[in-house]
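Report on one structure; see the data block that follows.
Numbered from 1 within each chain, the chains take letters A, B, ... in sequence-line order.
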Amino acid sequence: MSTATRIAASRSTDQPLVLGLETSCDETGVGIVRGETLLVDAIASSVDEHARFGGVVPEVASRAHLEAMVPTIERATREAGVRLSDLDAIAVTSGPGLAGALMVGVAAAKSLAVALGVPLYGVNHLASHVAVDIVEHGPLPEPTLAMLVSGGHSSLLLVPDVTDDIQSLGSTIDDAAGEAFDKVARVLGLPFPGGPHIDRMAREGDRVAIDFPRGLTTGRDMERYRFDFSFSGLKTSVARWVQAREAAGEPVPVADVAASFQEAVTDVLTRKAVLACKEHGVMNLQIGGGVAANSRLRAMAQERCDAAGITLRVPRPGLCTDNGAMVASLGAQMVIKGRAPSDLALPADSSMPVTLVQA
Amino acid sequence: MSRVVLAIDTSTSVSVAVSAGADWAMGWSDDPRGHTESVAPLMRDQLASAGVSAADVTDVVVGNGPGPFTGLRVGIVSGLVFAHARGIPVHGMCSLDVLAQQALEHVREGEFLVATDARRKEVYWARYRVDPDRPEQDRAVRLTDPAVVRPADLPEEVRSLPTAGRGPVLYPELFPEPLAVLDVSAGVLTGLALQRLDAGVDLPVEPLYLRRPDALTTAERATP
Ligand SMILES: [Zn+2]
């Protein structure tokens with residue numbers, strides 16, 4: 001068999017081997033997938049460094065990305081048992097995210113593409129959150145409705161084709177859902193990041209103890225902001241409630257506050273997600289982002305989807321938070337569907353709209 | 001066999017050079033927003049102009065800065081990742097040393113400064129002396145560690161030395177003796193690095209930030 005025939009044969013049978021880089025916030029993620037199979041998901045997190053500051057400090061994150069980049073790439077290829085020279089393509093988060101942090105990943109990905117002579121795909125972070133479920137639960141039903149909830153985003157998306165057609169149905173008009181968890185955790189004296197701590201405290205508490213407000217869920221708001229979210233009022237309401245207790249010299253029932261707050265957030269999220277599915281005639285809901293790790297959100301979403309006959313897909317928690325596998329997964333779909341690679345001059349775009357899947 | 005060197009500096013503008021013995025190529029970009037955009041295309045284009053492929057490169061050299069952080073990191077990570085992908089060594093060099101070497105076109109003896117834009121009304125700077133007994137590619141001896149300072153805080157006898165870099169362009173009244181050397185040349189970076197490597201000097205890659213991140217820890221915020 002000639003070399004050309006052999007290459008053609010191997011291309012027709014083999015799935016593309018794609019490395020994905022993610023640096024939009026505080027995780028340096030390097031994932032490698034072959035087609036729709038996850039080989040490795042290597043992560044270096046700088047979250048401990050940010051904890052001292054009570055939140056993510058962009059410059060601290062950027063410095064950590066630079067330090068972690070080569071070691072994390074090295075670890076990913078070693079654990080996956082592949083060589084960089086075996087790769088068919090590189091994918092990278094080109095936005096949205098922290099500008100300086102994105103630039104480290106985008107520059108690294110471009111340099112890999114030049115050094116290895118392979119195509120580069122600059123992809124949207126939010127689209128990657130959707131595409132990651134392909135390596136977890138197989139091909140995405142089309143269309144899918146996706147709800148992405150994290151410290152940086154809260155979006156409801158209609159996804160006819162994750163490689164080139166994503167429509168935004170709504171998003172937060174103030175704080176992201178995860179941000180609300182962080183802020184309420186601070187009010188309750190719990191450490192950063194707040195999500196896991198609130199989830200844990202809430203298990204001991206009464207979720208109907210306090211009736212916290214559900215933002216944008218009634219009357220005119222449901223017309224104007226049908227699939228949008230607002231968590232800033234909820235956060236303020238929790239802070240006021242706690243302050244009033246303290247001012248009265250009464251103890252703060254931390255577990256009840258955590259449980260009631262968490263209930264308010266998950267109630268709004270799941271109610272709007274299910275409504276969006278119904279109104280758009282989509283019978284598949286996928287939840288992603290760091291807040292998807294929340295146990296109450298998962299339980300309530302399952303309950304409400306079951307009641308409505310909607311199939312719910314939620315990747316395992318490690319794939320819900322930011323990671324490189326999700327970028328590699330979307331990159332592999334781009335290759336499989338024959339999408340043209342990005343230009344080597346592609347920029348990092350900190351405010352990349354979700355409707356733009358590829359840069 | 002001679003070395004094929006890929007050199008990248010993003011501490012001032014973006015400069016990329018590839019040298020393969022007699023064949024060499026250098027390109028640059030001064031688009032202030034464009035570090036992330038321009039480095040990789042410059043790498044690809046200089047490799048092509050020098051008539052070599054990525055697989056031919058034997059060494060990578062990067063400018064360690066100091067320089068504005070975001071742009072500086074783009075060059076350093078590009079060099080680190082390229083070297084890792086090709087399985088070749090990567091070396092780092094203080095970017096002020098490169099400007100000092102470039103300044104020797106204009107200063108033949110005595111002491112001089114390099115002062116570059118550190119933003120926030122400050123400059124990155126170091127003091128140098130011409131040493132005619134040293135090899136031609138590495139004749140500027142650094143006398144002080146790279147540092148960041150408000151130019152007005154430098155003693156007048158220091159400020160009035162001949163000064164390379166954009167410091168004198170930004171603060172002409174404070175640096176009265178400008179030298180016509182503004183941005184780092186990756187070509188000069190290559191020559192300087194090769195000279196030091198041949199002399200057995202270890203050249204670690206290490207970003208020179210010289211400032212800590214702008215943020216207070218929760219403990220610091222609590223202390224008035
Ligand atoms: Zn995310």
Next on the checklist: Within the structure provided, determine whether A:Met69 and B:Val81 are in side-chain contact (heavy-atom separation under 4.5 Å).
Outcome noted: yes
Checklist entry - Can you name the ring pair (Phe, Tyr, Trp, His ring centres under 6.0 Å) partners of B:Tyr124, sequence neighbours left out? => result none
Checklist entry - Taking A:Ala99, A:Ala345, A:Ala348 one by one, which has the highest count of heavy-atom pairs under 4.5 Å against chain B? => result A:Ala345
Checklist outcome for this item: To the nearest 0.5 Å, atom CE of A:Met103 lies from atom OG1 of B:Thr36 at 4.0 Å
Next on the checklist: Tell me which of these, B:Ala55, B:Pro213, B:Ser53, B:Gly79, has more heavy-atom pairs under 4.5 Å with chain A than the rest.
Outcome noted: B:Pro213
Checklist outcome for this item: Honestly, the part of B:Phe69 sitting under 4.5 Å from a heavy atom of chain A is side chain
Checklist entry - Looking at A:Arg83, A:Glu74, A:His50, which makes the most heavy-atom pairs under 4.5 Å with chain B? => result A:Glu74
Checklist entry - From A:Thr77 OG1 over to B:His84 NE2, what is the distance, rounded to the nearest 0.5 angstrom? => result 5.0 Å
Next on the checklist: Walk me through whether A:Leu344 and B:Met43 qualify under side chain to side chain contact (heavy atoms under 4.5 Å, CB included).
Outcome noted: CA-CA 10 Å; A:Leu344 205 50; B:Met43 289 163 67; over 6 Å; no
Next on the checklist: I need the residue from B:Ser78, B:Ala54, B:Gly87 with the largest number of non-hydrogen atom pairs under 4.5 Å to chain A.
Outcome noted: B:Ser78
Checklist entry - Relative to chain A, which segment of B:Val74 carries a heavy atom at a distance below 4.5 Å: side chain, backbone, both, or neither? => result both
Next on the checklist: Non-hydrogen contacts under 4.5 angstrom with chain B: give the residues of residues 109-118 of chain A involved, or none if there are none.
Outcome noted: A:Lys110, A:Ser111, A:Leu112, A:Val114, A:Ala115, A:Leu116
Item to check | Heavy-atom proximity to chain B below 4.5 Å, by part of A:Arg63 | outcome: both
Checklist outcome for this item: Those residues of residues 145-155 of chain B that come under 4.5 Å of chain A on a heavy-atom basis, listed by number, are none
Next on the checklist: Can you list the residues of residues 179-194 of chain B that sit under 4.5 Å from chain A, counting heavy atoms only?
Outcome noted: none
Item to check | Rounded distance (nearest 0.5 Å) linking atom CG of B:Leu80 with atom CG of A:Leu66 | outcome: 6.0 Å
Checklist entry - Hey, is A:Glu59 close enough to B:Arg73 for a salt bridge, meaning N to O under 4.0 Å? => result yes
Checklist entry - Considering residues, nucleotides and ligands other than B:Arg211, do more than 12 of their heavy atoms fall under 6.0 Å from its CZ? => result yes
Item to check | Per-residue contact mode, B:Leu47 against chain A (heavy atom under 4.5 angstrom) | outcome: side chain
Next on the checklist: Using heavy-atom distances under 4.5 Å, tell me whether A:Val104 contacts chain B through its side chain, its backbone, both, or neither.
Outcome noted: both
